[in-house]
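Presented below is the structure to which this report refers.
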Amino acid sequence: MRIGQVAEQAGVSVRALRYYEEQGLLAAERTAGGQRDYPPSAVDRVRFIQNLYAAGLSSRAVLRILPCMEHGVLTDEMHERLLAERARVETQAGRA
DNA sequence: ATTCTCACA
DNA sequence: TGTGAGTA
């Protein structure tokens, strides 16, 4: 699917989707014409990223824990990251 | 409609 | 972490 559709269904701007790709958060294939082509799963992925942002995680933090969703595996480094983020989120409970 | 880049909060 | 503007 193309970027406009993903943006509408995920509830974010087209600009934001291109920004996520720039940050390495969302991969997109390219059509022959150079347009981004997203798998339907991209919608859920974007929604998940929104949740992490809403919890106050930076894109850098998201980048470190997001791969465990793809592969279904959790490295020690990711586990530590998740524990650290949870502690931080609990500390600032309520904000951003 | 989509692509890109630069500059700005 | 995004957006606006100009471009092709």
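The shown structure was predicted, so the numbers you read here are calculated from the model rather than taken from an experiment. Lettering follows sequence order; numbering is per chain, from 1. All values below were derived from every heavy atom in this structure, side-chain atoms included, with hydrogens, water molecules and symmetry-related copies excluded.
What separates CG of Leu63(A) from C1' of dT1(C) is a distance of 14 Å, to the nearest Å. Here the C1' atom of nucleotide dT3(C) and the CG atom of Leu17(A) are 14 Å apart, to the nearest Å. Following rounding to the nearest Å, Arg18(A) (CZ) and dG6(C) (C1') show an atom-to-atom distance of 13 Å. If you measure from atom CD1 of Ile3(A) to atom P of dT3(C), you get 11 Å, rounded to the nearest angstrom.
Sorted by residue number, the members of residues 23-43 of chain A with any non-hydrogen atom under 4.0 Å from DNA chain B read Arg30(A), Gly34(A), Gln35(A), Arg36(A).
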What pattern of brackets, bars and dots sums up DNA chain C from 5' to 3', given Watson-Crick or G-U wobble pairs under 3.5 Å, [ ] for crossing pairs and | for another strand? ||||||.|

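Mapping heavy-atom proximity under 4.0 Å, the span of DNA chain B touched by chain A runs 5' to 3' from dT2(B) to dC4(B).
With contacts defined as side-chain heavy-atom distances shorter than 4.5 Å, the pair Val14(A)/Val6(A) does not qualify. Looking at Ile65(A) and Leu52(A), their side chains come closer than 4.5 Å, going by heavy atoms from C-beta outward. Counting heavy atoms from C-beta on, the side chains of Ser59(A) and Tyr53(A) come closer than 4.5 Å. Contact of the Thr75(A) side chain with the Arg81(A) side chain is not registered, since no non-hydrogen atoms from C-beta on lie closer than 4.5 Å. Inter-residue side-chain proximity for Met1(A) and Val43(A) is flagged as met; some heavy-atom pair is nearer than 4.5 Å. Residues Val12(A) and Ile49(A) form no side-chain contact, since every pair of their non-hydrogen atoms from C-beta on lies 4.5 Å or further apart.
Proximity of Ser13(A) to the phosphate of dG2(C): no side-chain N or O atom is located under 4.0 Å from OP1 or OP2. Residue Tyr19(A) has no polar side-chain atom (N or O) positioned under 4.0 Å from OP1 or OP2 of dG2(C). For the OP1/OP2 pair of dT1(C) and a distance below 4.0 Å, the side-chain nitrogens and oxygens of Tyr20(A) include no atom meeting the criterion.
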Could you walk me through whether Leu63(A) and Arg60(A) satisfy the side-chain contact (heavy atoms from CB on, under 4.5 Å) test, starting with their C-alpha distance in whole Å, then the side-chain angles of each, then the deciding distance to 0.1 Å, before giving a yes or no? CA-CA 5 Å; Leu63(A) 200 52; Arg60(A) 213 183 122 185; 5.5 Å; no

Please lay out, stage by stage, how Leu66(A) and Arg45(A) fare under the test side-chain contact (heavy atoms from CB on, under 4.5 Å). CA-CA 9 Å; Leu66(A) 200 146; Arg45(A) 187 189 176 95; 2.7 Å; yes

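The salt bridge (charged side-chain N to carboxylate O under 4.0 Å, His left out) analysis of residues 48-59 of chain A, with sequence neighbours excluded, yields no pairs.
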Hey, can you pull the donor-acceptor pairs under 3.5 Å for the side chains in residues 20-28 of chain A, sequence neighbours left out?
unit_1: Tyr20(A); atom_1: OH; unit_2: Gln50(A); atom_2: NE2; d: 2.3
unit_1: Glu21(A); atom_1: OE1; unit_2: Arg36(A); atom_2: NE; d: 2.4
unit_1: Glu21(A); atom_1: OE1; unit_2: Arg36(A); atom_2: NH2; d: 3.1

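Judged as a side-chain contact (heavy atoms from CB on, under 4.5 Å), and not counting sequence neighbours, the contacts of Thr31(A) are Gln35(A), Asp37(A).
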